[in-house]
Protein chains: 2
Amino acid sequence: MLLFKLSTYAVVGGNLKIELVIAAVALAFFFIGIYLNKKSLSSKTNNTSEVDTDKIAELGLSKREYEVLQEISRGLSNREIADKLYLSESTVKTHVSNLLLKLNAQRRTQAVKIARQLNIL
Amino acid sequence: MLLFKLSTYAVVGGNLKIELVIAAVALAFFFIGIYLNKKSLSSKTNNTSEVDTDKIAELGLSKREYEVLQEISRGLSNREIADKLYLSESTVKTHVSNLLLKLNAQRRTQAVKIARQLNIL
DNA sequence: GCGAGACTCATACTAAAGTACCAAAAAGCT
DNA sequence: AGCTTTTTGGTACTTTAGTATGAGTCTCGC
């Protein structure tokens, strides 16, 4: 607005070429448009790319359970998760079972889907 | 550019108020900025949100196999997929096996991960 | 009309995944 | 220290998942 007023005064005063003023205003608003648009878009897309830590706590997921969940989403088997986290397969199974209960899932694939929907992965 | 020229002629001709013309040009370029920006952004972000049909063909995934893959990613069991697609569980198992081969996966969870990375889901 | 894939389904297994229940360390809190 | 939750692990089963193999049907292009 300030820029706009200045430009009109300049024209009325007659000490600037009209074409130049219009071009300047056009250019300015062109970039303002780009800037505002970029801002509004980034606020929308960031929502779908961050992990919701509060939700994890809300579900009562423990640290280990969450780690196991992450490995499941990476496609690992219980055996592989056990090796990666230095656990027995039994322990992994225990974690998985508790995990499924807390996420209201019947299967590990479903757990992954639900976790994704809750922005937990 | 055409719009720009017209506006300058209008001012020179003296049959329009300068403020109005400048405002119009500003508004026009404002939206042009938004438009162009949106276009350039969408070409970048669409890469991570659209399904790559070519990749599906490249992998040799058949229609049915792909449908089964989708249901797996929704967390369904073979039994549930069979019911949903009006198939026997045997058939679903066959599709899953072929699916895993084509995706180089050992498990359905891994298939989902790989499919996601390939922008197939 | 015929051959190639795709689709369907069955049987028979093997291998994972998941459940139930229990129990002992380990870690955190007050 | 005492209590609680987490973490760990075991045994014993049941249920899904996945593999192998064979075979009949369907569809589409040529």
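Below, chains carry the letters A, B, ... as their sequence lines are ordered, and counting in each starts from 1.
- Remark on the helix from dG1(C)-dC30(D) to dT30(C)-dA1(D): inter-end axis angle 60°, axes from five-pair C1' superpositions, rounded to 10°.
- Under the side-chain contact (heavy atoms from CB on, under 4.5 Å) rule, Leu59(B) has a single partner from Leu103(B), Leu99(B), Ile114(B), which is Leu103(B).
- Counting heavy atoms from C-beta outward, Glu67(B) and Lys63(B) have side chains that approach closer than 4.5 Å.
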**OP:** Please assess Thr91(B) against Arg64(B) for the test side chain to side chain contact (heavy atoms under 4.5 Å, CB included), listing each intermediate value before the final yes or no.
**Re:** CA-CA 10 Å; Thr91(B) 306; Arg64(B) 270 321 212 190; over 6 Å; no

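- In terms of heavy atoms, Ser73(A) sits closest to Val112(A) at CA-CG2, 3.8 Å.
- Of all nucleotides in DNA chain D, those with any atom nearer than 4.0 Å to a heavy atom of chain B start and finish, going 5' to 3', at dA17(D) to dT19(D).
- Residue Glu89(A) holds its CD atom at 9.5 Å from CD1 of Ile81(A), rounded to the nearest 0.5 Å.
- Rounded to the nearest 0.5 Å, atoms CG (Leu61(A)) and OG1 (Thr53(A)) are 12.0 Å apart.
- Sorted by residue number, the list of members of residues 54-61 of chain A with any non-hydrogen atom under 4.0 Å from DNA chain C is empty.
- Sorted by first and then second residue, the salt bridge (Lys or Arg N to Asp or Glu O under 4.0 Å) pairs with a member in residues 106-121 of chain A read Arg107(A)-Glu80(B); sequence neighbours excluded.
- Once rounded to the nearest 0.5 Å, the distance linking CG of Leu118(B) with CD1 of Ile120(B) reads 5.0 Å.
- One atom, CD of Glu65(B), and another, C1' of dG5(C), lie 11 Å apart when rounded to the nearest Å.
- Residue pairs meeting the side chain to side chain donor-acceptor pair (under 3.5 Å) criterion with at least one member in residues 93-103 of chain B, sequence neighbours excluded, are Glu65(B)-Lys102(B).
- For residues 74-108 of chain A, proximity to DNA chain D is found at Leu87(A), Ser88(A), Ser90(A), Thr91(A), Thr94(A), His95(A), Arg107(A), defined as any non-hydrogen atom under 4.0 angstrom from a strand atom.
- From Tyr66(A), atom OH reaches atom CG of Leu121(A) across 5.5 Å, with rounding to the nearest 0.5 Å.
- Leu76(B) CG to Gln106(A) CD: the interatomic distance, rounded to the nearest 0.5 Å, is 10.5 Å.
- Using a 4.5 Å heavy-atom cutoff, the side chains of Val51(B) and Asn119(B) are not in contact.
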